[in-house]
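Each remark here refers to the structure printed beneath this line.
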Amino acid sequence: MINKSSFNLHNAFAQYFNDFELKPFLFTLSKKMGEGHICIDLEAIPTEEEFWNGFVGDKTLVKSSNLELSTFVSLNGLDKKKPFVISNNKLYLNRYFEYETAIIDNLRELIKIEPAAKQKRIDFLNANKDFISKLAINIDTSNYQEDEIPDWQLIGALQAYVNNFTIITGGPGTGKTTTVAKIIAILLQENPQINIALAAPTGKAAVRMKESLLNNKDTEIWGIKGLVDSLKPSTIHRLLGSIKDSPDFKKNKENPLAFDVVIVDESSMIGTPLFSKLLNAIDPKKTKLILLGDANQLASVDVGSLFGDICLTQKQILNNFTDESKALFNSFLNPKHQIPLHSFRLKSIQNLLQEHVIELKKTFRYDTTSTMGGFTKAMIQGNVEKVKETLSIKDDSLLFDSEFNPSLFNSIVLEYANYINETDTYKALQAINDVRVICAIKQSKEGVYNTNERIEKVLKNHFDSLAKASNLKNTIFNPSADFYHNQPIIVTKNYPDFGLFNGDIGIIRKSVEDNNLKAYFVDGDNQGKLKAISPGFIAESETVFAMTIHKSQGSEFKQVLVVLPKKAKIELLTRELIYTAVTRAKEKATIQGTEDVLLAATQRKVQRASGITERILIKE
């Protein structure tokens, strides 16, 4: 019988293979994959004593082993039957090396055939110059920094039209949705029957992309509202066709997606296995793939940090173009927003993804001189001194509360009363996104579970007081251990039969028809409609006044309250985590956290080992 208290999964994995020199490497690989790494760098094996807790064997062998001689290890994946692969001095589980290889091969295939269609696409752009020029911005640039002046939105749209594969990355408010609208406008101008798929890793992110497009005033001006309205946003899993109890999908290399264009939002959330399977389902001769996301956000919950790693291939030359490409783009841009001839210059194409990754530089959500602007930039850069500066500045965009003021907490969470008071459930589902409390961790006093209970108490006291003042009984808000009236919930498992997916948010309410509790969600397939489901059918769900920062990815709220743990020595607290948290706010963010915690997080960066960046950069 296994003693569960002493059982160590990573050690069990290492001991399974009868190769004593290999065991410490496999222990490390298993442990690191559990932390999100896709492989391990053989020159960076951890030496900390606590890392090796649970390992049975001689860890000194990590310095002397010649792994290439192991019967279990293949060099560069040449022997598909061996379970492990060494490539570029990195050790992989064979399956994950194959995922990485498939991604690179598919990207190469998509890009390789672009030249055959490029001139035809350029001819179309030139023939429709008057229409496309109407998509250009024409605003004052006097307070812009130099790299913000070019019209990166239209440049990204033009590049996405010319390319088979394009990444458009940018922070909050930089106009990723507007760029998508411009891409669709150009595609529709070329082909009125264009067949487009909108997708994202989560259902809420996919629906939000469509809603953002419909709410964009330019959608109607550019004549794409009807097309956008007809699109059915989908999770990537649903797009590819999940197969019950199988890691594979119905859509694959042999049965590719039947779309002209696939547009995927929140791509930083896509793990390596899913990204590989998405690319496998793209027919390079028939389908464009456009990925949107923020490379500075948290990486996926699954292994790998694919989106960020791909963007890193262009780190030194991001938004640089050949003179030929610059001249093409500038011919469509307002003169005030053209790419300067003296900068953003690429002498020649030297790696696979050059001119395929565009970063939107100008944020329109908040001024770069605001507290939010300064803080997010400093956090991305890991600039401790600049973060310290912003902690003492107070404006309407970002507030720091190192004292964890209960009155401030209460005043923010009482904003939830607005959705509770809203009798129209569809409007209530919109109003619930006006505010959200997000936490870094689940457990502890500052964790999600305790914070949800605190919020429930604040709201119950509020409605109890209102009822008492009117000599009435509080029937509006009475939390219980089970489902209750006006409870906000988040689905924590996919329920494809109901069209519900992990991360979808709804409200429990008493049905007008029979007074029974129902879970109400916005119907993503029917704009402006609701779907009502018996709560018993979605038992895998949680109260969501507060949610984790990871769960908040793909969402935006008017106001967010970020509650951080009081202990600074938590490895989970990284600059990416803090950046992701505050940028969920469209209007205002409040952080309850100590200076020590924030500064420690500023110095801690998510670093997941993978080989994809250097493998893409290898010249053929």
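Values below: all heavy atoms of this structure, side chains included; hydrogens, waters and symmetry mates excluded. None of the values given here were measured: they were computed from a predicted structure.
- Arg584 and Glu556 are not joined by a salt bridge, as no carboxylate oxygen comes within less than 4.0 angstrom of a charged side-chain nitrogen.
- The distance from the NZ atom of Lys225 to the CG atom of Asp218 is 12.0 Å, given to the nearest 0.5 Å.
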- Message: Evaluate Lys386 against Glu389 for salt bridge (charged side-chain N to carboxylate O under 4.0 Å, His left out), listing each step before the verdict.
- Response: CA-CA 5 Å; Lys386 188 64 179 176; Glu389 270 182 47; 3.5 Å; yes
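- In this structure, CG in Leu318 is found 8.0 Å from OG1 in Thr169, a value given to the nearest 0.5 Å.
- With respect to Arg454 and Glu456, no salt bridge is recorded, no charged nitrogen being found less than 4.0 Å from a carboxylate O.
- With hydrogens and angles left out, the side-chain atoms of Tyr495 and Asp504 include no donor and acceptor closer than 3.5 Å.
- Residues satisfying the salt bridge (Lys or Arg N to Asp or Glu O under 4.0 Å) criterion with Asp596, sequence neighbours excluded, are absent altogether.
- Between the Glu422 side chain and the Asp424 main chain, a donor and an acceptor come within less than 3.5 Å of each other.
- Although no hydrogens or angles enter the test, the distance criterion places a donor-acceptor pair under 3.5 Å between the side chain of Asn452 and the main chain of Phe545.
- In the model, Asn216 has a side-chain atom that pairs as donor or acceptor with a side-chain atom of Thr178 under 3.5 Å.
- No cation-pi contact links Lys586 to Phe557, judged by a cut-off of 6.0 Å to the six-membered ring centre and 45° from its axis.
- Between Phe400 and Phe375, the ring center distance clears the sub-6.0 Å criterion.
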- What's the verdict on ring pair (Phe, Tyr, Trp, His ring centres under 6.0 Å) for Tyr520 and Tyr426, showing C-alpha distance, side-chain angles and the deciding distance? CA-CA 8 Å; Tyr520 292 91; Tyr426 186 86; over 10 Å; no
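- Judged purely by distance below 3.5 Å, without hydrogens or angles, the side chains of Asp401 and Gln592 pair a donor atom with an acceptor atom.
- For Lys445, the salt bridge (Lys or Arg N to Asp or Glu O under 4.0 Å) criterion is met by no residue, not counting sequence neighbours.
- Two residues are said to be in side-chain contact when any heavy atoms from C-beta on lie closer than 4.5 Å; Ile168 and Leu291 fail this criterion.
- A distance of 6.0 Å or more separates the ring centres of Phe404 and Phe409.
- Below 30°, between 30° and 60°, or above 60°: for Phe477 and Phe463 the angle between ring planes is between 30° and 60°, a tilted geometry.
- Expressed to the nearest 0.5 Å, how far CG of Leu399 lies from CG of Leu408 amounts to 6.0 Å.
- There is no side-chain donor-acceptor pair under 3.5 Å between Glu266 and Thr202.
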Quiz: residues 533-542 side-chain donor-acceptor pairs under 3.5 angstrom, not counting sequence neighbours:
unit_1: Ser541; atom_1: OG; unit_2: Ile538; atom_2: O; d: 3.0

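- Closest of all the heavy-atom pairs between Asp482 and Gln487 is O-OE1, 3.9 Å.
- His337 is not listed as a side-chain neighbour of Trp152, based on a closest heavy-atom distance of 4.5 Å or more.
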